[in-house]
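The next block holds one structure in the form of structure tokens; read it before the comments.
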Amino acid sequence: MTTTRREVMAGAIAATGLGVAGEPLLARRPGRDRLIAGTYANEGGKGLYPIVDGRVGAPVTRIVNASYGVGGGPDGTFYLLREQADGRVAAYGPDWRSRGGASTGGADPCHVAIDRASACLAVANYSSGSVAFYRLDRQTGAPGEPQLFQHRGTGPNTERQAGPHAHWVGFSPDRRWLHSVDLGADAIFAYRFDPVARTLTDQRIAWQAPAGVGPRHMVRHPTLPRAYLACELRPKLFVLDALPDGRFRDAGEHALLLEGTKGPSYAAHIAIDRAGRTLYVSNRGANSITVFALDARGEPRVVQHVPTGGDWPRFFLLREERGEMLVANERSGTVNAFRIGKDGRLTPTERSIAIPGVVFLAEV
């Protein structure tokens with residue numbers, strides 16, 4: 001989503017850091033547990049919120065509209081996007097000290113990916129439908145000036161697909177390709193990536209989606225040459241086989257919602273567990289997580305539709321080592337915790353913290 005089409009919450013919610021029973025969000029475990037929560041300012045967010053041992057601290061007010069981020073840069077650098085008309089990517093060290101930043105060359109950046117070994121970064125600019133590519137300073141982690149790649153294409157939804165809208169970027173496991181999912185163009189774009197030369201070239205269409213589905217986010221199977229694509233404008237999951245030349249081949253589609261679900265719903269985030277046995281997709285509107293079991297061939301089968309306990313689940317964070325999923329419900333301003341069973345199924349814990357306008361979570 002962009003800054004111009006987000007809806008303002010009816011009221012601000014105070015961040016207390018306590019669950020419904022006055023407990024921290026998560027059960028106590030050995031060692032410090034540190035998270036961050038990015039928020040939208042026009043929905044009451046005051047900046048970047050630290051969450052330490054399940055309790056919310058005072059926000060870092062100078063880091064606003066942090067809609068997505070990624071760590072693992074040189075010397076432990078963490079990168080956050082500032083989603084606004086003049087898009088920015090900013091690099092941070094310990095205690096959120098600035099290590100530099102750069103323009104994304106476009107409007108409303110919403111997703112970022114890193115190739116750690118080559119110290120290269122890519123950003124998807126939603127509103128301008130472009131991809132920014134950076135060589136990072138190998139010592140400081142600071143991004144240099146971006147190389148910009150413009151998408152082309154439209155879709156039949158005249159309100160949402162009048163032009164390209166890049167919504168996701170990711171480097172391929174073999175480090176030969178960067179892919180970008182575009183909601184407006186109904187397409188996945190591919191770029192040839194050279195991790196030695198640290199270059200991006202040769203834009204091509206890797207997969208053309210059915211008209212009007214509005215592809216949003218993609219995730220790859222951890223061991224198989226297969227990917228899964230969640231669509232925003234139609235509640236569908238596409239299974240894609242990854243080909244050596246960077247393209248994808250359609251391998252099936254699945255509904256994300258229960259039959260008979262009323263009202264509009266828009267897929268948001270998608271993730272897969274490390275074993276490649278369970279796939280999760282969040283649905284805004286239906287306010288649910290769809291859980292798919294994956295067989296040995298990576299074929300999905302719906303096993304659960306779990307209410308998120310809040311409104312507009314834009315993001316969720318899998319924490320397998322803790323057996324937890326945290327769901328960021330943007331419009332209700334809540335982060336709710338779920339237990340992950342051995343079979344991948346989710347169970348609500350009734351633990352929740354209030355963070356206004358929460359749209360992103362990460363471990364730090």
Would you indicate whether the side-chain heavy atoms of His221 and Tyr228 approach each other to under 4.5 Å? yes
Looking at Val56, Leu361, Leu317, Val364, which one forms a side-chain contact (heavy atoms from CB on, under 4.5 Å) with Leu35? Leu317
Assess the residue pair Glu324 and Arg351 against the criterion (salt bridge (Lys or Arg N to Asp or Glu O under 4.0 Å)); give the C-alpha distance rounded to whole Å, side-chain angles, the decisive distance to 0.1 Å, and a yes or no. CA-CA 11 Å; Glu324 299 275 359; Arg351 288 181 176 174; 5.6 Å; no
Taking the side chain as every heavy atom from C-beta outward, state whether Ile340 and Tyr280 have any pair of such atoms under 4.5 Å apart. yes
If every non-hydrogen atom of Ser67 is compared with every non-hydrogen atom of Val359, which pair is closest and at what distance? CA-CG2, 3.9 Å
Spatial distance of atom CD1 (Ile355) from atom CD1 (Ile353) [nearest 0.5 Å]: 4.0 Å
Carboxylate-amine/guanidinium contact Arg88 Asp86, below 4.0 Å: no
Exam field: side chain Asn329 to backbone Gly333, donor-acceptor pair closer than 3.5 Å: no
Contacts table for residues 248-259: side-chain donor-acceptor under 3.5 angstrom, sequence neighbours left out:
| residue | atom | partner | partner atom | Å |
| --- | --- | --- | --- | --- |
| Asp250 | OD1 | Gly252 | N | 2.9 |
| Glu253 | OE2 | Lys236 | NZ | 2.8 |

To the nearest 0.5 angstrom, please state how far the CG atom of Asp241 sits from the CG atom of Leu224. 9.5 Å
Does a side-chain heavy-atom distance below 4.5 Å link Ser118 with Val196? no
Kindly give the heavy-atom pair with the smallest separation between Ala132 and Pro146, and that separation in Å. CB-CB, 4.0 Å
Does the Asn125 side chain pair with the main chain of Thr104, one donor and one acceptor, at a distance under 3.5 Å? yes
Same cluster or not: are Tyr79 and Tyr68 linked, directly or through other Ile, Leu, Val, Met, Phe, Trp or Tyr residues, by side-chain heavy atoms under 4.5 angstrom apart? yes
Any idea which heavy atoms bring Gln84 and Pro109 closest together, and the distance? O-CD, 3.9 Å
Closest non-hydrogen atom pair between Gln304 and Leu346, with its separation: OE1-N, 2.8 Å
Is the centre of the Phe360 ring less than 6.0 Å from the centre of the Phe315 ring? yes
Would you sort out whether Arg99 and Asp75 count as a salt bridge (Lys or Arg N to Asp or Glu O under 4.0 Å), showing the intermediate values? CA-CA 11 Å; Arg99 287 185 173 173; Asp75 195 27; 3.2 Å; yes
Counting only N and O atoms by type, is there a donor-acceptor contact under 3.5 Å from the side chain of Ser282 to the main-chain atoms of His269? yes
Cluster overlap Leu237 with Val291, hydrophobic side-chain contacts below 4.5 Å: no
Are Trp177 and Ile188 linked, directly or through other ILVMFWY residues, by side chains that come within less than 4.5 angstrom of each other? no
Return the minimal non-hydrogen interatomic distance between Ala337 and Leu326, and the atom names on each side. CB-CD2, 3.8 Å
Applied to residues 130-145, the salt bridge (Lys or Arg N to Asp or Glu O under 4.0 Å) test, sequence neighbours excluded, yields none
Are any side-chain N or O atoms of Arg192 and backbone N or O atoms of Gly246, one a donor and one an acceptor, separated by less than 3.5 Å? no
Verify whether the ring centers belonging to His217 and His111 lie closer than 6.0 Å. yes
Is the shortest side-chain N to carboxylate O distance from Asp115 to Arg175 below 4.0 Å? yes
Connecting only ILVMFWY residues whose side-chain heavy atoms lie within less than 4.5 Å of each other, what is the rest of Phe149's hydrophobic cluster? Val131, Phe133, Val169, Phe171, Leu178, Phe189, Tyr191, Phe193, Leu200, Ile205
So does Arg55 pair up with Asp53, basic N to acidic O under 4.0 Å? no
One pair to check against salt bridge (Lys or Arg N to Asp or Glu O under 4.0 Å): Asp33 and Arg319. What are the steps and the verdict? CA-CA 11 Å; Asp33 181 30; Arg319 289 155 56 88; 2.8 Å; yes
Test side-chain hydrogen bond (donor to acceptor under 3.5 Å, both in side chains) applied to Thr199 and Thr201, step by step: CA-CA 7 Å; Thr199 58; Thr201 58; 5.4 Å; no
Checking the side chain of Arg314 only, and the main-chain atoms of Ala268 only, is there a donor and an acceptor separated by less than 3.5 Å? no
Rounded to the nearest 0.5 angstrom, the OG-CD distance for Ser332 and Glu43 is 10.0 Å
With a 4.0 Å cut-off on N to O distance, would you call Glu330 and Arg284 a salt bridge? no
Quick one: CD on Gln203 to OG on Ser180, what's the gap to the nearest 0.5 Å? 9.0 Å
Give the cluster check for Val358 versus Ile36: same hydrophobic cluster or not, with ILVMFWY residues linked at side-chain heavy-atom distances below 4.5 Å. yes
Worked verdict on Ser127 versus Asp108 for side-chain hydrogen bond (donor to acceptor under 3.5 Å, both in side chains): CA-CA 6 Å; Ser127 290; Asp108 299 310; 2.6 Å; yes
For the backbone of Ala267 and the side chain of Asn283, can you confirm whether one donor and one acceptor N or O come within less than 3.5 Å of each other? no
Could you tell me whether the side chain of Arg220 reaches within less than 4.5 Å of the side chain of His179, counting heavy atoms only? yes
Give a yes or no on whether the backbone of His165 and the side-chain of Asp182 come within a donor-acceptor separation of less than 3.5 Å. yes
Hydrophobic cluster membership, with links at side-chain heavy-atom distances under 4.5 Å among I/L/V/M/F/W/Y: are Trp207 and Leu183 in one? no
Any sub-3.5 Å donor-acceptor pair from Ser128's side-chain atoms to Ala107's backbone N or O? yes
